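In what follows, a single structure is set out as structure tokens and then discussed.
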Protein chains: 4
Amino acid sequence: MGIQERKEREKGRRRQQIMIAAKRVFSLKGFNKATMEDIANEAELSPGTLYLYFKNKDELCASLSLRILQYLNIKLKHVNSEKDLEPRQKIKALKEAMYNVYEFDPLILINMFHLQSSESLKNLSPQLVSDIRELSNNSIKEMADIFEEGIKKNVFIDKKPVALAETLWALFSGAVLREESKRVIKNDKNYLKLTLEGDFEIFARGIKK
Amino acid sequence: MGIQERKEREKGRRRQQIMIAAKRVFSLKGFNKATMEDIANEAELSPGTLYLYFKNKDELCASLSLRILQYLNIKLKHVNSEKDLEPRQKIKALKEAMYNVYEFDPLILINMFHLQSSESLKNLSPQLVSDIRELSNNSIKEMADIFEEGIKKNVFIDKKPVALAETLWALFSGAVLREESKRVIKNDKNYLKLTLEGDFEIFARGIKK
Amino acid sequence: MGIQERKEREKGRRRQQIMIAAKRVFSLKGFNKATMEDIANEAELSPGTLYLYFKNKDELCASLSLRILQYLNIKLKHVNSEKDLEPRQKIKALKEAMYNVYEFDPLILINMFHLQSSESLKNLSPQLVSDIRELSNNSIKEMADIFEEGIKKNVFIDKKPVALAETLWALFSGAVLREESKRVIKNDKNYLKLTLEGDFEIFARGIKK
Amino acid sequence: MGIQERKEREKGRRRQQIMIAAKRVFSLKGFNKATMEDIANEAELSPGTLYLYFKNKDELCASLSLRILQYLNIKLKHVNSEKDLEPRQKIKALKEAMYNVYEFDPLILINMFHLQSSESLKNLSPQLVSDIRELSNNSIKEMADIFEEGIKKNVFIDKKPVALAETLWALFSGAVLREESKRVIKNDKNYLKLTLEGDFEIFARGIKK
DNA sequence: TATGAATGAGCATTCATTCAT
DNA sequence: CATGAATGAATGCTCATTCAT
């Protein structure tokens with residue numbers, strides 16, 4: 001029984017090890033130029049081993065996206081659970097949560113958009129697809145709850161909470177992508193915090209009464 | 001000379017023909033699943049012919065991005081050149097310009113982010129890379145000019161115009177990507193116009209005095 | 001038009017070239033140990049070229065089987081069309097036809113039995129599968145016609161012609177396989193003709209009145 | 001010593017267990033599509049354990065063939081040992097023995113022909129190869145003995161007994177294969193007994209005076 | 001003895017690119 | 001200029017086999 005458990009945990013650790021390696025390699029080479037062999041080398045494992053833990057390359061990539069969505073979800077739930085925070089403070093907490101997600105792995109966010117290709121979806125197990133869908137929807141919902149509270153308390157202007165949440169999400173992913181494109185154009189990451197700050201400030205100004 | 005010119009124009013036409021086909025195929029299959037043969041078929045040309053007009057696949061893709069940036073640039077220049085527009089009206093015109101870009105080709109915008117992979121950049125001619133850089137910077141600059149004018153005329157709050165322009169760009173690309181990810185999650189495009197509207201409204205509210 | 005035709009013929013030639021190489025390699029190494037690269041080398045082509053002419057390895061193998069069935073079918077049709085032959089003479093002609101098939105390609109007959117694996121069938125185009133089925137059934141039917149004529153003319157004992165045809169086919173494929181297994185055990189092919197003769201003699205003795 | 005013996009017997013049991021599982025899996029998937037892991041699962045053992053009892057996959061397969069040859073040999077010896085049977089009755093007994101072999105495992109007979117691939121032979125231990133050879137030859141010899149007796153007693157026509165035995169073997173393996181190919185073509189096993197009967201009847205008619 | 005996770009060589013297949021016509 | 005057949009390097013994935021426990 002204890003043995004069973006330890007094995008489960010060991011298996012989880014291996015998956016983590018592979019995902020960390022994959023993250024590094026995807027970040028470095030991009031999803032398509034990264035080969036399974038690259039990832040195996042990075043993880044100091046053999047290619048075959050990767051397939052013991054992930055059905056195929058697409059599923060490995062999608063699992064990375066799932067991981068970051070889980071991370072975000074926990075953060076958002078935590079913000080929402082703090083009952084004595086003012087709406088404005090919650091917006092601030094929200095901002096910080098999203099910072100953390102971004103810092104946790106800025107580049108993998110880009111890779112999340114590989115999920116969009118319906119071609120890739122064919123290779124994923126239905127379970128994984130539905131998990132990702134559920135978490136995405138949940139994240140929007142958690143954010144919307146924050147806005148709803150603010151509107152009820154008459155602190156935010158009267159907008160559909162879901163629309164607000166989606167706008168924030170747009171702002172966020174847009175900022176992430178902008179940073180990414182900066183890399184190409186300027187190779188200069190200095191303004192990241194500054195510009196993310198700017199985005200949120202303007203956004204908050206737009207929703208607050 | 002006249003012949004020379006006609007040939008040049010003819011060559012330009014062919015390039016257009018190929019890029020239109022490429023756009024269609026990339027939209028349909030995504031950049032990576034689209035093969036050069038697919039594009040050749042779509043263009044009713046042979047694969048070999050594509051290489052008479054584009055050095056390689058990456059360059060064909062980058063040329064598409066360049067094209068859309070050119071389109072955006074022209075639109076932005078046009079907005080800026082209308083001297084009698086009020087700042088608030090220019091924001092509105094800006095919004096419409098970006099709509100048009102989006103409608104011109106929503107999916108190719110996603111593909112623009114393939115340029116981020118530094119691996120891909122190796123395959124591009126320096127000329128093309130510098131063209132893209134120049135146009136990107138120019139677009140930001142054009143937008144910044146609009147904001148600067150608004151700040152000077154004391155209509156917009158006092159923010160760095162460049163930061164504003166980048167925020168708008170974030171908002172925009174974020175909205176595009178969000179629409180894209182909606183496709184996966186909901187397969188429902190009804191809210192596109194609505195949410196883009198929402199984004200811009202909030203953004204404008206944030207910058208206007 | 002002439003060009004179109006010549007190209008068609010050229011394409012057919014290429015297919016032949018590949019099939020001849022495949023036959024050689026399959027004979028030498030067996031179906032599973034033979035790699036597509038082996039076949040490409042033997043055909044003095046590159047691996048990719050093989051896939052221009054055959055969908056996959058299974059289809060290449062099945063095409064070989066189809067070819068030999070076509071050969072057999074023509075031979076059988078020819079025997080049947082000779083109107084003035086006595087039934088006993090037709091049996092003799094039948095024997096010789098089957099000799100020829102055997103000599104045409106003794107080893108590929110073995111490979112025909114790879115088609116039995118229902119797993120392999122999944123990789124074949126429906127057209128090819130139905131072609132093979134049709135030719136197999138046709139071969140049995142042609143043989144049965146010969147027997148039917150003999151029974152009608154009161155030269156052969158009264159047995160179901162189809163059963164006779166299938167028995168002959170059993171005898172034939174059994175002999176082929178037996179020769180094959182001899183290779184393992186004795187590596188001695190001297191008795192081939194003799195034993196095939198023996199089989200047919202006994203068979204013929206059994207069916208003749 | 002008693003312990004030694006028990007261990008030996010235990011070891012034999014394990015081998016049987018594995019071979020039974022292998023037979024099931026080979027029958028289901030065919031030799032090449034069946035993986036060692038499939039067999040291990042079927043045997044409710046781990047893959048590694050298989051290699052404690054069989055040197056490699058080819059040897060496991062060959063051992064199955066050996067087993068069926070042993071079974072046939074015992075049957076044939078038994079027929080031959082019945083001194084008071086008439087030659088015609090012995091032919092009948094022979095027929096039944098071969099039925100039993102067929103029913104014991106129709107599909108594994110097909111797999112026997114994998115031994116033909118000279119590539120596979122390289123992986124077998126010389127001992128196993130020579131065992132198989134010996135048993136094959138022995139089976140032919142046992143059958144030949146039956147025919148020889150019939151010829152001596154002037155009941156059968158005067159043919160080389162070995163040739164007769166080999167013809168019978170051809171007929172038999174042919175019938176087996178024919179049934180197999182029927183599966184592909186008709187998916188209809190109803191006629192098995194009937195056609196095997198037919199084969200033997202014609203064969204017997206051919207050899208009897 | 002039994003395990004089963006890990007291996008890594010091997011292979012079918014793809015596709016960007018070339019070049020003889 | 002245009003073609004499209006041919007290329008062959010590259011890669012995802014498999015699976016027989018091993019070995020530390």
Side-chain angles (χ1 to χ4, degrees), chain A residues 3 7 10-11 14 18 32-41 43-60 123, chain B residues 7 10-11 14 18 32-41 43-61 123, chain C residues 3 7 10-11 14 18 32-41 43-60 123, chain D residues 7 10-11 14 18 32-41 43-61 123:
Chain A
I3 289 170
K7 279 196 177 171
E10 184 56 38
K11 193 163 178 178
R14 258 301 141 86
I18 294 169
N32 288 287
K33 307 272 177 180
T35 70
M36 289 302 264
E37 202 183 347
D38 290 335
I39 298 168
N41 286 341
E44 292 179 273
L45 290 169
S46 75
T49 306
L50 268 52
Y51 289 87
L52 293 177
Y53 296 90
F54 298 92
K55 210 180 65 188
N56 53 42
K57 195 184 169 191
D58 278 332
E59 189 131 349
L60 172 51
N123 290 326
Chain B
K7 279 193 176 172
E10 184 57 37
K11 191 162 178 177
R14 264 293 148 86
I18 293 169
N32 289 287
K33 307 273 177 179
T35 71
M36 290 301 265
E37 203 182 347
D38 290 335
I39 297 167
N41 286 340
E44 295 181 271
L45 290 169
S46 76
T49 307
L50 269 49
Y51 287 85
L52 296 176
Y53 297 91
F54 298 92
K55 208 180 69 187
N56 54 42
K57 195 185 173 189
D58 280 331
E59 187 132 350
L60 172 51
C61 177
N123 290 326
Chain C
I3 289 170
K7 279 196 178 171
E10 183 57 37
K11 193 163 177 176
R14 259 300 142 84
I18 293 168
N32 288 287
K33 307 272 179 182
T35 71
M36 290 301 265
E37 203 183 345
D38 290 335
I39 297 167
N41 286 340
E44 292 181 275
L45 290 170
S46 75
T49 306
L50 268 52
Y51 289 87
L52 295 176
Y53 297 90
F54 298 92
K55 211 181 66 187
N56 53 42
K57 196 184 170 188
D58 279 332
E59 189 133 349
L60 172 52
N123 290 326
Chain D
K7 279 193 177 173
E10 185 56 38
K11 192 162 179 178
R14 263 294 147 85
I18 293 168
N32 288 287
K33 306 273 177 182
T35 69
M36 289 301 264
E37 202 183 346
D38 290 335
I39 297 167
N41 285 340
E44 294 181 90
L45 289 169
S46 76
T49 306
L50 269 51
Y51 288 85
L52 295 177
Y53 297 91
F54 298 92
K55 208 180 69 187
N56 54 41
K57 195 184 172 189
D58 279 331
E59 187 132 350
L60 171 52
C61 177
N123 290 324

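Since the structure is predicted, the reported quantities are computational estimates derived from the model, not experimental observations. Labels below follow one simple rule: chain letters A, B, ... track the order of the sequence lines, proteins then strands, and each chain is numbered from 1.
In this structure a side-chain-to-backbone donor-acceptor pair under 3.5 Å is missing from C:Asn123 to C:Asn56.
At a threshold of 4.0 angstrom between heavy atoms, the contacts of C:Leu45 are confined to the sugar-phosphate backbone, with no base atom among them. Nucleic acid contact for A:Ala34: sugar-phosphate only, since backbone atoms but no base atoms lie under 4.0 Å from a heavy atom of the residue.
Taking all atoms of both residues into account, the shortest heavy-atom contact from A:Lys11 to A:Tyr53 is CG-CE2, 3.6 Å. Smallest separation of non-hydrogen atoms from B:Lys57 and B:Ala34: NZ-O, 2.8 Å. Minimum heavy-atom separation, D:Pro47 to D:Ala40: N-CB, 3.6 Å.
Rounded to a whole Å, the CG atom of C:Asn32 is 11 Å from the P atom of F:dA16. Rounded to whole angstrom, the span from the CG atom of A:Leu50 across to the C1' atom of E:dA5 amounts to 14 Å. Protein atom OH of D:Tyr53 is 8 Å distant from nucleotide atom C1' of E:dA2, rounded to whole Å. Taking atom CD1 of A:Ile39 as the reference point, atom C1' of E:dA6 lies 18 Å away to the nearest angstrom. Put simply, OH on C:Tyr51 is 4 Å from P on E:dT13, counting in whole angstrom units. With rounding to whole Å, A:Lys55 atom NZ is found 10 Å from F:dC13 atom P. For B:Glu37 and E:dT18, the CD to P distance is 16 Å, given to the nearest whole Å. To the nearest angstrom, P of F:dA16 lies 12 Å from CG of D:Asn41.
Two residues, B:Pro47 and C:Met36, neighbour DNA chain E, and the one matched to the more 5' nucleotide by heavy-atom proximity is C:Met36. Map C:Ser46 and A:Asn56 each onto its nearest nucleotide of DNA chain F; the residue landing nearer the 5' end is C:Ser46.
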| Strand DNA chain F as a dot-bracket string - pairs counted if Watson-Crick or G-U with both distances under 3.5 Å, | where the partner lies in another strand | .||||||||||||||||||||
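Taken to the nearest 0.5 Å, the OG atom of B:Ser46 stands 11.0 Å off from the CE atom of B:Met36.
Contact annotation: D:Arg14 reaches the phosphate of E:dA2 (side-chain N/O to OP1 or OP2, under 4.0 Å).
Counting non-hydrogen atoms of other residues, nucleotides and ligands closer than 6.0 Å to NZ of C:Lys55 gives a total above 12.
Distance from the side chain of B:Leu52 is smallest for F:dC1 among the nucleotides F:dA5, F:dC1, E:dC15.
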Can you pull every protein N or O that's under 3.5 Å from an N or O on nucleotides 19-21 of chain E?
none

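Partner of A:Arg14 under the side chain to side chain contact (heavy atoms under 4.5 Å, CB included) criterion, out of A:Leu50, A:Leu52, A:Leu45: A:Leu45 alone.
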